[in-house]
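Scroll down for the structure; my scribbles are underneath it.
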Protein chains: 2
Amino acid sequence: MLNNSHYIDKLRSSGLRPTKQRIKICEILFNTEKTFHFTINDLVKKISKATNDKISLATVYNTVHAFKKKGYLKEIPINSDQSYFDTNTSHHHHFYDESQKDLIDIDDADVEPVKINTRIPGKKIKSVEVLVKVEDAE
Amino acid sequence: MLNNSHYIDKLRSSGLRPTKQRIKICEILFNTEKTFHFTINDLVKKISKATNDKISLATVYNTVHAFKKKGYLKEIPINSDQSYFDTNTSHHHHFYDESQKDLIDIDDADVEPVKINTRIPGKKIKSVEVLVKVEDAE
DNA sequence: TTCTACATTATAATAGTTCTAAACTGTTGA
DNA sequence: TCAACAGTTTAGAACTATTATAATGTAGAA
């Protein structure tokens, strides 16, 4: 059994009740050193590997959306049949290998800051995402 | 009646048979001075406004995908419940107003070229897309 | 004109996601 | 401690965008 008090505090402090489902999902998403990308489907598989108490699909969706809203997850804009999420919420961009359907972080040091020299009146910038699509070089 | 020989040539030269459905869709997509963004649903509505001969949904999907493949349309990577396409195939980026679900072109002159100082071995870059999400400034 | 490969069509199927409404649970405060 | 309530979970239905199917139609070549 892991020490979950950290997650309990984290959840409670952001106004989310620390239910056992949410704590379990926190463990799966945030207990690793390395951050990673996942789809809902990936997460469901991880959950069923990690525990015998199954978590309903609706709860997985609810939780992922709640975590996204609280800033614990980021959604990555890709055209795909499913949504990709990232446990790395720090500023960074992505490669997307369409043939392999593989998402790869780009170290922020490897990207010159993107300068947008125009604004939309009455709007403020929420995020700037760069997606670099790659394919096999022949 | 418009002069469609241009579209007929365009279609034929790219190996697509110039059917009346494809020509009609060309008229709707490419007859305007200004380029624009659309979803499949938007396009279906435009078609039903523009003509009495309805075009089946499957054909609309087929045609949009064929046009995309030929480079007449670009798909814009956004997380959304539906895909967005752009009749502007030149290099440029986008603002996305999530509250209004509104996509806005960013003039390429207003964006400093995005420099990616890393590569994935064996892969070549296919596209670099910047998506700037905005929200209402309070 | 006839043939054939390509296109269109209506409809069914699929898949990701959201909704619903009932059961359950964490939290608060008496 | 316990009742009460709001927030949460759940199974399954519903929804929606998209793709597949298979029959019919059509453009283009011979």
Side-chain angles (χ1 to χ4, degrees), chain A residues 4-5 7-26 28 37-48 51-70 72-73 75-85 98 101, chain B residues 4-5 7-26 28 37-45 47-48 51-70 72-73 75-85 98 101 103:
Chain A
N4 295 321
S5 61
Y7 297 130
I8 293 175
D9 292 347
K10 177 174 177 167
L11 289 167
R12 217 180 318 239
S13 72
S14 54
L16 296 172
R17 285 192 185 165
T19 64
K20 70 178 189 307
Q21 293 87 345
R22 285 173 177 165
I23 294 165
K24 175 57 70 181
I25 291 174
C26 277
I28 291 167
H37 310 119
F38 66 95
T39 64
I40 296 292
N41 190 36
D42 294 337
L43 181 53
V44 167
K45 282 185 201 158
K46 278 173 186 285
I47 291 167
S48 63
T51 180
N52 293 319
D53 317 325
K54 84 179 281 293
I55 298 179
S56 88
L57 184 58
T59 298
V60 178
Y61 274 98
N62 288 343
T63 303
V64 166
H65 287 146
F67 285 7
K68 180 190 166 191
K69 200 168 192 175
K70 296 300 179 185
Y72 304 149
L73 292 173
E75 190 169 2
I76 304 169
I78 314 181
N79 303 106
S80 170
D81 44 350
Q82 47 196 329
S83 294
Y84 280 79
F85 296 90
E98 275 186 315
K101 295 219 167 199
Chain B
N4 295 321
S5 62
Y7 298 131
I8 293 174
D9 293 347
K10 178 174 176 166
L11 289 167
R12 219 183 313 244
S13 71
S14 54
L16 296 171
R17 283 193 186 163
T19 64
K20 69 178 191 307
Q21 292 86 346
R22 285 173 176 166
I23 293 165
K24 175 56 70 182
I25 291 174
C26 276
I28 291 167
H37 309 119
F38 65 94
T39 64
I40 295 291
N41 190 36
D42 293 337
L43 181 52
V44 167
K45 282 186 200 157
I47 292 167
S48 63
T51 179
N52 293 319
D53 318 326
K54 83 180 282 292
I55 298 178
S56 88
L57 184 58
T59 298
V60 178
Y61 273 98
N62 289 341
T63 302
V64 166
H65 287 146
F67 286 7
K68 180 190 165 191
K69 201 168 192 175
K70 296 298 177 184
Y72 303 150
L73 292 172
E75 191 169 2
I76 304 167
I78 313 180
N79 302 105
S80 169
D81 43 350
Q82 47 195 329
S83 293
Y84 280 78
F85 296 90
E98 275 187 314
K101 296 219 167 198
L103 252 182

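Order of the sequence lines sets the chain letters (A, B, ...), proteins ahead of strands, with each chain counted from 1.
When rounded to the nearest whole Å, the span between CG of Asp53(B) and C1' of dA7(C) equals 16 Å. To the nearest angstrom, P of dT8(D) lies 10 Å from CG of Leu11(A). Rounded to whole angstrom, the span from the CG atom of Leu43(A) across to the C1' atom of dT17(C) amounts to 15 Å. Between the OH atom of Tyr84(B) and the C1' atom of dA17(D) there is a distance of 13 Å, rounded to whole Å. Between the CG atom of Leu16(A) and the P atom of dT8(D) there is a distance of 6 Å, rounded to whole Å. Look at CG on Asn62(B): it is 11 Å from C1' on dC6(C), rounded to the nearest Å. Put simply, NZ on Lys70(B) is 12 Å from P on dC6(C), counting in whole angstrom units. Per the geometry, CD belonging to Gln82(B) stands 14 Å off C1' belonging to dG16(C), to the nearest Å.
In this structure, Arg22(A) reaches the dT9(D) phosphate: one of its side-chain N or O atoms is under 4.0 Å from OP1 or OP2. Checking the phosphate oxygens (OP1, OP2) of dT25(C), no side-chain nitrogen or oxygen of Gln21(A) falls inside 4.0 Å. Dashed line: the shortest gap from a side-chain N or O of Arg12(A) to OP1 or OP2 of dT27(C) is under 4.0 Å. Remark: Ser83(B) is in phosphate contact with dT18(D), judged by side-chain N or O atoms under 4.0 Å from OP1 or OP2. Taking only side-chain nitrogens and oxygens, His65(B) comes nearer than 4.0 Å to OP1 or OP2 of dT19(D).
Across all strands, Thr19(B) comes closer than 4.0 Å only to sugar-phosphate atoms, never to a base (heavy-atom distances).
Side-chain N/O atoms of Ser83(A) and Glu75(A) include a donor and acceptor closer than 3.5 Å. Using modelled atom types and a 3.5 Å distance limit, the side chains of Thr39(A) and Asp42(A) yield a donor-acceptor pair.
The side-chain tip of Lys10(A) points at the ring of Tyr72(A) from less than 6.0 angstrom away and within 45° of straight on. For the pair Lys46(A) and Phe38(A), the NZ or CZ position fails the cation-pi test of under 6.0 Å to the six-membered ring centre and within 45 degrees of the ring normal.
Considering only side-chain atoms of Pro18(A), the nucleotide from dT8(D), dT27(C), dA27(D) that sits closest is dT27(C).
Along DNA chain D, the nucleotide nearest Leu57(B) and the nucleotide nearest Lys54(A) are compared for position; the residue whose nucleotide lies closer to the 5' end is Lys54(A). In this structure, Arg17(B) and Tyr61(B) both approach DNA chain D, and ranking their closest nucleotides by distance from the 5' end singles out Tyr61(B).
Contact record, Ile78(A) with Asn79(B): N-ND2, 3.9 Å, taken as the closest heavy-atom pair.
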